[in-house]
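Below is one structure, written out as structure tokens, with a few remarks after it.
Counting starts at 1 for both ligands and their atoms, following the listed order.
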Amino acid sequence: MATDHAIGIDIGGTGIKGAVVDLSTGELVTERVKVRTPEGGRPDDIVSATRELLAQLDGAVSGAGPLPLGVCFPAVVKAGRTLSAANISREWIGLPAEELFEGAFGRHIHFINDADAAGYAESRFGAARDARGLVILTTLGTGIGSAFLYDGVLIPNTELGHLELDGADAEDRAAYSAMERESLSWEQWAKRLQRYYRHLEFLFTPDLFVVGGGVSKHHEQFLPLLELGTPIVPAVHRNNAGILGAAALAVL
Ligand code: BGC
């Protein structure tokens, strides 16, 4: 397999998924494989589940040496250490996660925040390709993840899902999980998104918003309901963006 291939793995609250990516095209060159995130999301259990998934991917590209490997995760990640735990076990706080995974898998890994990976993927291969100025990508899922890209350069760990807005953590009200939990209609949810994106616009005056997460496939149900001064577009890679970005960042 050519050296412009890498493996991306996206660890989430419900599933861990991965694939081999062609970095020249941004396409998956294997099936996307997936395992369930172990109950409780504890570090050792996640390492074991990820090892199982990696074995399947390594098997899919047998013949080559181990490919570069990027892993993205729903937490602040600084110098390979996970510093927060909003929707996962608190045991991740302060953990040298990159080192833990490298020790367990016996190879070099690049460990990053999941929304940063998704933002980088959209900037390199998707909705924000060639965009200038400030692009803010948000992922609407269990939580809200965010990525800042300025002229295509990633500014990591922005954590805009945890802005305090109207006395609440923004993701508790505006993530897709809030819509499901409270059985909101698209219109009701869009009102919360309007409040959230308007606030981001006020704080940062971005040039483009990109909206990711699985729900972005239904973008026509809620994006047209938003009234903003900033263009807002759906992500192109949705559930694969974390995989693509993790793989691409692994070789930087
Ligand atoms: C976490 C972020 C993560 C986002 C999306 C938030 O709760 O704090 O680190 O990017 O969820 O998974």
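Distances from atom 4 (C) of ligand 1 to the heavy atoms of G213, G145, G161 put G145 nearest.
D10 has no carboxylate O lying under 4.0 Å from a charged side-chain N of R32, or vice versa, which leaves the two without a salt bridge.
For the residue pair N113 and D116, the shortest heavy atom distance occurs at OD1-N, 3.0 Å. Closest approach of W92 and G41 over heavy atoms only: NE1-O, 2.7 Å.
With a heavy-atom cut-off of 4.0 Å, T142 does not touch ligand 1 at all. If you look at P74 next to ligand 1, the close heavy atoms, those under 4.0 Å, come from the backbone and the side chain alike.
Atoms of ligand 1 found under 4.0 Å from any heavy atom of I144, numbered from 1 in the order shown, are 4 (C), 6 (C), 11 (O). Counting atoms of ligand 1 from 1 in the listed order, those under 4.0 Å from a heavy atom of E159 are 1 (C), 2 (C), 8 (O), 9 (O). When each atom of ligand 1 is checked for a heavy atom of A86 under 4.0 Å away, the hits are 7 (O), 8 (O). Using a 4.0 Å cut-off to heavy atoms of N87, the atoms of ligand 1 that qualify are 7 (O). Each of the atoms 1 (C), 6 (C), 7 (O), 8 (O) of ligand 1 lies under 4.0 Å from some heavy atom of H162.
One N or O on the side chain of S48 and one on the backbone of D44 form a donor-acceptor pair closer than 3.5 Å.
Protein heavy atom nearest atom 12 (O) of ligand 1, with residue, atom name and distance: D114 OD2, 2.7 Å. The protein atom (non-hydrogen) at minimum distance from atom 7 (O) of ligand 1 is E171 OE1, 2.9 Å.
A heavy-atom separation below 4.0 Å is not found between S84 and ligand 1.
Once rounded to the nearest 0.5 Å, the distance linking OG1 of T142 with OH of Y176 reads 10.5 Å.
In this structure, a donor-acceptor pair under 3.5 Å is present between the side chains of S185 and Q188.
Each of F148, F209, Y197 was evaluated against F204; a single residue qualifies, F148, per the ring-ring contact (aromatic ring centres under 6.0 Å, His included) test.
Considering only residues two or more places apart in sequence or on other chains, E52 meets the salt bridge (Lys or Arg N to Asp or Glu O under 4.0 Å) condition with none of them.
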